[in-house]
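Okay, so here's the structure we're looking at.
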Amino acid sequence: MLDIHRLREDPMGIEKRLKTRDSSIELEEILTFDQKRLSLIHSIEQLKAERNRGAQEVGRCKKAGEDASELIASLSGVSNRIAEIDSELSRILSRIDHLMSLLPNVPHPTVPIGVKENKVTLRSFGKQPQFGFKVKDHLAIGEEKKILDFRRAAMIAGTRFPMYIGLGARLEMALIQFMFAHHAENGYTPVIPPFLGNSESLYVSSQLPKFADDIYHCEKDNLYLNPTAESLLANLHRGEIFDEDELPKKYVAYTTCFRREAGTYGRDERGLIRIHQFNKIEMFKFATPEQSYAELDQLVVDAEEILRKLGIHYRVALLATQDLAQQSSKTIDIEVYLPAQERYYEVSSCSNCEDFQARRGNTRYRPGTGKKPRYVHTLNGSGVATPRLMAAILENNQMPDGRIHIPEVLQEMIGEEFI
RNA sequence: GGAGGGGUAGUCAAGAGGUCUAAGACAACGGUUUGCUAAACCGUCGAUGGGUUCAUAGCUCAUCCGCGGGUUCAAAUCCCGCCCCCUCCGCCA
């Protein structure tokens, strides 16, 4: 949620920056309603002041045993006018809320403008592996090694659900434990939250109302299966006011995530590339506005460290305005290379949402004793999601004899060196 | 799922239609004094929105007593619906 004051103060400037994300965005309607809102508030508050004064006077009269029926009759008229204005005001407020809830965050000035392809590669680690043989894709490897079973998963649940079996399941659990422990040792407080969230939680994180079709919804209980732990963690301190010295507050969560992924899939998104259910380690930070951009950079570094320890080649990219999630001001992705597809795929997306989610969740901090509360900045980043990470390990670590080399840091947990 | 009890500002807590303009205490902050891991005394001390303003300073008006409605000239207080917590009962992979 953007600050309506910001829109009022600099409508042209804000609109121009929002248009770099979506050229169809117009602020005129919101600003018109906002003006209407202000004038209604002005009149209703004057009437309420009148009513309050009158009601007190009635109290005095009754206590003194005087007749107040004339005053009561006139106050009745005042109350009726208040009720009229109030119903118009709530119509306008809900209209403003609706329009505001659809607006995206203002992109940070350092974000490249334009389409997805305008993203900027910031750095990389390692290089694309060279194979002296024809590489298999992770799907073929998974089938051959009997560690992935999409056919039976489809029977149990449906298409695009994963099933890890045998060493595949061991590898998955080892990755989760390795990443969870890594971040916990790095100062992130470990947390396993509920995997389902209510509609308010998903609104705060900004998955709702825009992406309702992409989330699994349990209608009977009005609960949503989390599409990312971000949608839960953004609510961890809803309605709270931090002391300044508590920030930055860092969390690492493990959740299984669920996405309907409504829409079409391409041939290059088979196997583990895009699925309805996956495990993810998610980092989340609450920070002051002064801290947040340094914390974003550190968040990316903390996620990169996972891939370095696993010895996987990756690159880091700064996303362009049109590729940002609604709540994000700036997003940096980490992408791993899948040799069978000769393509890079996102395994981590690290974003600074500034005060966009904090405003919805009313999460603030007090910048010193006696100072007024300010909204915190929230940051989230995968650290990382497992499916593409596993695909990367299977494809990048295949050897001429067909075996898969398990990264050293996982070997002890799995009890094997090769698959 | 059922019965009962509860939800008041950072914490505890009074208040049961009309100076509630939400008491009081604790914590916190500022000061005075004594003099030293501290006490006593004085003062300040919730949030949001509107107006005024350079001001996120003051002043002022409005709103907020779990959330949402309703009754009334007037609601923390009465009525209806919902949420959460506690105790007990039922059901149960």
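Lettering follows sequence order; numbering is per chain, from 1. The structure presented is a predicted model; accordingly, all values stated were derived computationally and were not measured.
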Donor-acceptor contact below 3.5 Å, side chain E15(A) vs main chain L27(A) |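 A pair under 3.5 Å: yes.
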
Heavy-atom donor-acceptor pair, R388(A) side chain to I273(A) backbone, under 3.5 Å | yes

For [X], report the nucleic acid contact type (base, sugar-phosphate, nothing); a contact means any heavy atom under 4.0 Å.
X: K62(A); answer: base
X: R8(A); answer: sugar-phosphate
X: L38(A); answer: sugar-phosphate

From [atom1] of [X] over to [atom2] of [N], roughly how many Å is that when rounded to an integer?
X: L93(A); N: rG50(B); atom1: CG; atom2: P; value: 11 Å
X: N362(A); N: rA47(B); atom1: CG; atom2: P; value: 12 Å
X: K48(A); N: rC64(B); atom1: NZ; atom2: P; value: 7 Å
X: I41(A); N: rG51(B); atom1: CD1; atom2: P; value: 8 Å

For [N], take OP1 and OP2 only and decide whether either is under 4.0 Å from a side-chain N or O of [X].
X: R37(A); N: rG49(B); value: no
X: H5(A); N: rU48(B); value: no
X: R366(A); N: rG10(B); value: no
X: S79(A); N: rA74(B); value: yes

Over 12 foreign heavy atoms within 6.0 Å of CZ, R152(A) = no

Value for NE2 (H276(A)) from CG (D214(A)), rounded to nearest 0.5 Å, stands at 11.0 Å

Salt bridge (charged side-chain N to carboxylate O under 4.0 Å, His left out) evaluation trace for R238(A) with E200(A) | CA-CA 10 Å; R238(A) 202 200 284 165; E200(A) 189 178 351; 3.3 Å; yes

Within residues 51-61 of chain A, find the residues that approach RNA chain B with a heavy atom at under 4.0 Å, and present them sorted by residue number.
->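 Those residues are R51(A), N52(A), A55(A), Q56(A), V58(A), G59(A).
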
Distance-only criterion, 3.5 Å: show the donor-acceptor pairs between side-chain atoms of residues 181-191 of chain A and protein atoms not counting sequence neighbours.
residue, atom, partner, partner atom, Å
H182(A), ND1, K309(A), NZ, 3.4
H182(A), NE2, N186(A), ND2, 3.4
H183(A), NE2, G383(A), O, 2.7
Y188(A), OH, D302(A), OD2, 2.5

